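So the structure is just underneath, and the comments pick up after that.
These numbers were taken from a predicted model, which means no experiment stands behind them.
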Amino acid sequence: MAKILIIEDEKNLARFVQLELQHEEYETVVENNGRKGLDLALNNNFDAILLDLMLPDLNGLEIARRVRQVKTTPIIMMTARDSVIDRVSGLDHGADDYIVKPFAIEELLARLRAVLRRVRIEKKVSGNAAIKQKVIKFNDLTIETANRIVHRDDKVIDLTKREYNLLMTLIENKNNVVSREQLLNKIWGPESNIETNVVEVYVRYLRNKIDAPDRPSYIKTVRGTGYMVREDDAPVPEAN
């Protein structure tokens, strides 16, 4: 059950909205004072906030701004002001949506469902990204595959998309030789019409970025065949 905070100083309207939300099986909390409403918003977990613009002690714009500094709770601004400037100001202060009084309760409910649905989708996407996040350790390199970040200790190694794909292709085939043609097809595509010496150029770029000054290169050249990366204790295969 979603929990909704209603900050509205028109008590009859606040009560009407509360009853309609409860009829739709939302849990509700009502506050008529702006400053007290802000305290409730900051110190409790609500799924959404319905916020009047003109309130005693603290107006809705300031409440939205302060809430947005620390929370992502969806805010729907409810106000009689309907000018473009007022709408833009509300959105710029952190409101997610804006509904003008007098409004049909069906429209308010639809807007509320929309912001709650958006939050659910965002949480699902975020959760899926966390599930898909995979950290690969290769010797002293750490690779975060979801956000394509490569780093050694606390230092991020800035790689282009092709450099990253080249590194990942080699690591996915670690301890095995990958031919120049295989790398070319995998990273540039079989229809690229690019000479294999481009692979050599990008291997050099990659080595310059990932190799540590006091250690042998991560990427080994297997003469006449291609390239490989190997774990520290893996043997280097003989060239053909």
Side-chain angles (χ1 to χ4, degrees), residues 1-135 144-147 149:
M1 179 185 296
K3 186 176 182 181
I4 312 300
L5 173 62
I6 304 167
I7 309 177
E8 168 61 69
D9 67 331
E10 294 182 37
K11 293 184 179 180
N12 289 338
L13 176 59
R15 180 58 176 164
F16 170 68
V17 171
Q18 181 183 34
L19 290 173
E20 291 292 333
L21 292 184
Q22 289 176 344
H23 180 70
E24 297 292 324
E25 298 186 346
Y26 292 105
E27 182 181 349
T28 60
V29 175
V30 174
E31 177 52 59
N32 307 123
N33 178 274
R35 194 167 297 281
K36 291 179 180 178
L38 175 63
D39 289 340
L40 282 170
L42 294 179
N43 297 311
N44 297 272
N45 292 321
F46 292 97
D47 294 290
I49 300 171
L50 303 181
L51 177 62
D52 186 21
L53 182 59
M54 302 302 295
L55 291 161
D57 290 346
L58 198 64
N59 68 54
L61 293 179
E62 184 62 16
I63 293 171
R65 186 186 69 82
R66 295 192 192 183
V67 169
R68 195 55 73 233
Q69 287 178 337
V70 294
K71 291 194 171 188
T72 60
T73 310
I75 298 171
I76 299 177
M77 196 78 77
M78 305 185 300
T79 177
R81 295 185 177 183
D82 62 351
S83 71
V84 172
I85 292 176
D86 289 323
R87 291 171 185 262
V88 170
S89 181
L91 296 171
D92 283 348
H93 279 74
D96 295 85
D97 203 351
Y98 197 107
I99 189 166
V100 178
K101 301 175 184 177
F103 49 76
I105 192 63
E106 292 82 6
E107 181 182 0
L108 177 62
L109 292 172
R111 290 175 182 268
L112 180 58
R113 287 193 298 269
V115 296
L116 293 175
R117 183 167 58 247
R118 175 181 58 77
V119 170
R120 286 195 299 270
I121 292 171
E122 288 176 352
K123 286 181 177 179
K124 183 177 180 180
V125 170
S126 176
N128 288 342
I131 292 170
K132 291 178 182 177
Q133 174 70 288
K134 182 180 178 182
V135 176
E144 299 172 13
T145 61
N147 47 25
I149 290 177

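Salt bridge annotation for Arg113-Glu24: absent, with no cationic side-chain nitrogen under 4.0 angstrom from a carboxylate oxygen.
Remark: Arg118 engages Asp96, Glu122 in a salt bridge (Lys or Arg N to Asp or Glu O under 4.0 Å) (not counting sequence neighbours). For Glu27, the side chain to side chain donor-acceptor pair (under 3.5 Å) test picks out no residue, with sequence neighbours left out.
How far CG of Asp97 is from CZ of Arg111: 4.5 Å, rounded to the nearest 0.5 Å. The line from CZ of Phe103 to CD1 of Ile76 is 9.5 Å long, rounded to the nearest 0.5 Å. Atom CG of residue Leu55 and atom CD of residue Glu10 lie 9.5 Å apart, to the nearest 0.5 angstrom. Leu42 contributes atom CG, which lies 9.5 Å from atom CG of Asn44 (distance to the nearest 0.5 angstrom). One distance of note links CD1 of Ile105 with CG of Leu13; it measures 8.0 Å at 0.5 Å rounding.
With contacts defined as side-chain heavy-atom distances shorter than 4.5 Å, the pair Leu108/Leu50 qualifies. Within the 4.5 Å cutoff, side-chain heavy atoms of Leu116 are placed close to those of Arg120. A 4.5 Å side-chain heavy-atom check between Ile63 and Ile49 finds every atom pair outside the cut-off. By the 4.5 Å heavy-atom criterion applied to side chains, Asn45 and Thr73 are not counted as neighbours. At least one side-chain heavy atom of Val67 sits under 4.5 Å from a side-chain heavy atom of Ile75. Val30 places none of its side-chain heavy atoms less than 4.5 Å from the side chain of Glu8. Side-chain contact between Met1 and Asp47: absent, with no pair of heavy atoms (C-beta onward) separated by less than 4.5 Å. Using a 4.5 Å heavy-atom threshold, the side chains of Asp39 and Glu31 count as separate.
The neighbour count for Lys71 NZ, taken as heavy atoms of other residues, nucleotides or ligands under 6.0 Å away, is above 12. The number of heavy atoms from other shown groups lying within 6.0 Å of CG (Asn43) is above 12. Counting non-hydrogen atoms of neighbouring residues, nucleotides and ligands closer than 6.0 angstrom, the CD atom of Glu25 reaches no more than 12 such neighbours.
The minimum heavy-atom distance between Met54 and Asp9, with the atom names listed, is O-OD1, 3.4 Å. Closest approach of Ile7 and Leu38 over heavy atoms only: CD1-N, 4.4 Å. Between Ala48 and Leu112, the shortest heavy-atom distance links the atoms CB-CD1, 3.7 Å. In this structure, Phe46 and Ile4 approach most closely via the heavy-atom pair CD2-C, 3.9 Å. Minimum interatomic distance between Met77 and Ala64 (heavy atoms only, all atoms of both residues): CE-CB, 4.3 Å.
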**Asked** side chain to side chain contact (heavy atoms under 4.5 Å, CB included) between Leu58 and Asn33: does it pass, once the steps are laid out?
**Response** CA-CA 8 Å; Leu58 198 64; Asn33 178 274; over 6 Å; no
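The backbone N or O of Asp52 sits nowhere less than 3.5 Å from a side-chain atom of Lys101 that would complete a donor-acceptor pair.
Checking Arg15 against Gln18 by side-chain atom types alone, a donor-acceptor pair falls below 3.5 Å.
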